[in-house]
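Lettering of chains follows the sequences in order, A, B, ..., and the numbering in each one begins at 1.
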Amino acid sequence: MTIRVYNTLSRSKEEFVPRDPGAVAMYVCGPTVYNHIHIGNARTFLTFDVIRRYLTFAGYDVRFVQNVTDVDDKIIARAAEEGREPAEVAADYTLAFRQAMHALNVERPTVSPKATETIPGMIAMTERLIERGHAYVVDGDVYFAVRSFPEYGKLSGRNIDDLESGARVDVDARKQDPLDFALWKAAKPGEPHWTSPWGEGRPGWHLECSVMSEQELGLPFDIHGGGSDLVFPHHENEIAQSEAATGTQFAHYWLHGGMLQINSEKMSKSLGNFTLLKDVLAAYPAPVLRLLMLQTHYRSPLDFSPDRLDDATRSYERLVTPLRNLEWAKRNRAAGALSEATQLAIAALEAAPGTARQAFTESMDDDFNTAGALAALFDLVRVLNTFLEQHGIGDNARYASRLDEAAATLTELLGVLGVGVSSPVSAAEYPVDVLPMARDLAGYEGSDVRAAVDALLAARVAARTERNWAAADAVRDGLARLGFTIEDTASGARVVFHGRG
RNA sequence: GGCGACGUAGCCAAGUGGCAAGGCAGAGGCCUGCAAAGCCUUUAUCCCCGGUUCGAAUCCGGGCGUCGCCUCCA
């Protein structure tokens, strides 16, 4: 199997060949911890989580490095606003970031270095750059000289002269060239600072990624990822620093995720049109948000709206319902009157997992086409649903094992996308409001929510047997108000709790 | 102004030379007391105009429209 990836550096899809056979070294730019992350940030982290998971699924041993920028102008500004120490602000939002990533089911990086723990390496790289004539000192600041690196602009496809004609670069008379950027900044009073050969100061933003990736992965490493808004200047500057300092290629494959948009406009903190990840996850399960984002290719823009989250909720239901139906069918195996499956139906079921796996893999191999991969899973769902619809599970173990294989494949491949399918809500989380309802409608006097729901279902069965539709529907409507849906099956009624009424 | 993406059904979206995936919504049917879940059927002159080709959503040229980067930004 050959994986092809779109490389920003070459502007084309290339066959992915890692530096070391069987292993992948990847680096993804992490957050600057001055606020909670928004769902645009989350999209990028989700994208690279899926890429990492897929590479692992494909058999690679993935070393995944992601920095935390915990010293920066915005953190200092935020701390000043709140009358706190920058380190405190950074620590709080670092924790919040890790919690949010956990909630989104993003796997933890192999290593997650902090900028403040990488200061000696950054000073060393700055010294190397000065020695090699790529950087210069002015009043305690150190700047990288872009004109000293002839390949400057190769990632973003621009040249220094074009950039300068844009007239939006700041004019600082102390710089040799307006595009020169800070490797080291002299600290102003009250700012976090470290001792350096150029006086007390703090590192520039771009430097940490160059240093950490080299320290943790070695050069050149395989994959460098981030949002497409980091291509210029951040990633361009990383390349300039690292390659000027080492004379070695920095990273082989540059992968960039598309922007999340609101009303066709980029979501960003400066525009103020952002939604925080933690707020979305408070209202929708993580798999739903993941599914929404994975239905679009990672490099395309994705317009976000609550309506789309609702659509994704239904898509998610479609993916997990067959798993629920299969479990139900197994539990009630003896109860249902089940037809003998035809050879054709058995053949279809038998072929489905392999077909799905192949289609999934082919899509993912093609630059991580998650939308295509999901289509393969929906096709598998249809086969599973159709078989269960027409034949049930039967007592025949041949069906059971084939159904189990199909379900296991579905679960496994969803897992590669990080879309969890563990039973959404356990009975323990049923609302206590079912108790008074069960007392009124079913005469249930206990305090066990699960038993209360069972009693309500039994009362409804009794009412239906008597053709007392009003009583039966009172149970159904009452449960619906509490967030339960009743599903009548060939082997009895069951409830599905959605957690929201 | 420079550089770069994108425009496929009511909505979202995959597909980059050979009869247009998938999801959501809608319509009809099956099942149901009515529902829910599920199954079956059904919904596209691929932004416009030229060109290349036996054949174009796909390649080339020109329009129109939308977005991103060029400043902190995932």
Specify whether A/F387 and A/H391 have parallel, tilted or perpendicular ring planes, treating 30° as the upper limit for parallel and 60° as the lower limit for perpendicular.
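Ring orientation of A/F387 relative to A/H391: tilted.
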Parallel, tilted or perpendicular: which one describes the rings of A/H224 and A/Y27, with boundaries at 30° and 60°?
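Tilted: the ring planes of A/H224 and A/Y27 meet at 30° to 60°.
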With [atom1] as the reference atom in both, quote the distance from [N] to [M] in angstrom, rounded to an integer.
N	M	atom1	value
B/G1	B/A57	P	33 Å
B/C46	B/A5	P	24 Å
B/U8	B/C47	C1'	10 Å

If the cut-off is 4.0 Å, is [X] near the phosphate of [N], judged by side-chain N/O to OP1 or OP2?
X	N	value
A/R314	B/A25	yes
A/R299	B/A14	no
A/N369	B/G15	yes
A/N385	B/G38	no
A/T69	B/C73	no
A/W469	B/A35	no

Does any nucleotide pair with [N] by Watson-Crick or G-U wobble geometry, both distances under 3.5 Å, and what is it?
N	answer
B/G61	B/C49
B/G4	B/C67
B/A27	B/U41
B/C34	none
B/A9	none
B/C19	none

Can you list every salt bridge (Lys or Arg N to Asp or Glu O under 4.0 Å) pair that touches residues 341-355 of chain A, not counting sequence neighbours?
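As it turns out, the salt bridge (Lys or Arg N to Asp or Glu O under 4.0 Å) pairs with a partner in residues 341-355 of chain A, which skip direct neighbours, are A/E350-A/R402.
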Are A/R174 and A/Y143 close enough, and set up right, to give a side chain to side chain donor-acceptor pair (under 3.5 Å), and what steps lead you there?
CA-CA 10 Å; A/R174 301 178 312 156; A/Y143 293 100; 3.0 Å; yes
Base, sugar-phosphate alone, or nothing: which one does [X] contact when heavy atoms must sit under 4.0 Å apart?
X	result
A/N41	base
A/L377	nothing
A/D473	base
A/G226	sugar-phosphate
A/H38	base

Return the nearest nucleotide to the side chain of [X]; candidates are [options].
X	options	answer
A/E389	B/C39, B/G22, B/A14	B/C39
A/S300	B/A14, B/A74, B/A35	B/A14
A/L230	B/A74, B/G33, B/C24	B/A74
A/T32	B/C34, B/A74, B/C72	B/A74
A/T321	B/A21, B/C34, B/G38	B/G38
A/R382	B/C40, B/A13, B/A74	B/C40
A/R318	B/A74, B/C24, B/G33	B/C24
A/D488	B/A35, B/A74, B/C70	B/A35
A/W205	B/C73, B/C24, B/A21	B/C73
A/T386	B/A74, B/G23, B/C39	B/C39

Distance under 6.0 Å and angle within 45° of the ring axis: does [X] meet both against [Y]?
X	Y	result
A/R202	A/W184	no
A/K266	A/F274	no
A/R158	A/F232	yes

Residue mapping more 5' on RNA chain B - nearest nucleotide basis, A/N325 or A/A470
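Upstream on the strand: A/A470.
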Quick check on RNA chain B: between A/Y34 and A/A472, whose nearest nucleotide comes earlier from the 5' end?
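Mapping each residue to its closest nucleotide by heavy atoms, the 5'-most match is A/A472.
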Quick one: are the ring centres of A/F250 and A/F221 less than 6.0 Å apart?
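Yes, they do, as the ring centres are separated by less than 6.0 Å.
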Show your working on side chain to side chain contact (heavy atoms under 4.5 Å, CB included) between A/E15 and A/V5 and close with a plain yes or no.
CA-CA 6 Å; A/E15 184 176 334; A/V5 301; over 6 Å; no
Please list each protein N or O that sits under 3.5 Å from an N or O in nucleotides 66-68 of chain B, with the distance.
residue, atom, partner, partner atom, Å
B/C67, O2', A/Q261, NE2, 2.7
B/G68, OP1, A/K266, N, 3.3

Between P of B/G22 and CZ of A/R308, the distance in whole Å:
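Answer to the nearest Å: 18 Å.
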Quickly, which of A/K185, A/R78, A/K188 forms a salt bridge (Lys or Arg N to Asp or Glu O under 4.0 Å) with A/D73? Name it, please.
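Result: among A/K185, A/R78, A/K188, A/K185 is the only option passing the salt bridge (Lys or Arg N to Asp or Glu O under 4.0 Å) with A/D73.
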Determine whether any donor atom in the side chain of A/R476 lies under 3.5 Å from an acceptor atom in the base of B/A35, or the reverse, and answer yes or no.
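Indeed there is one.
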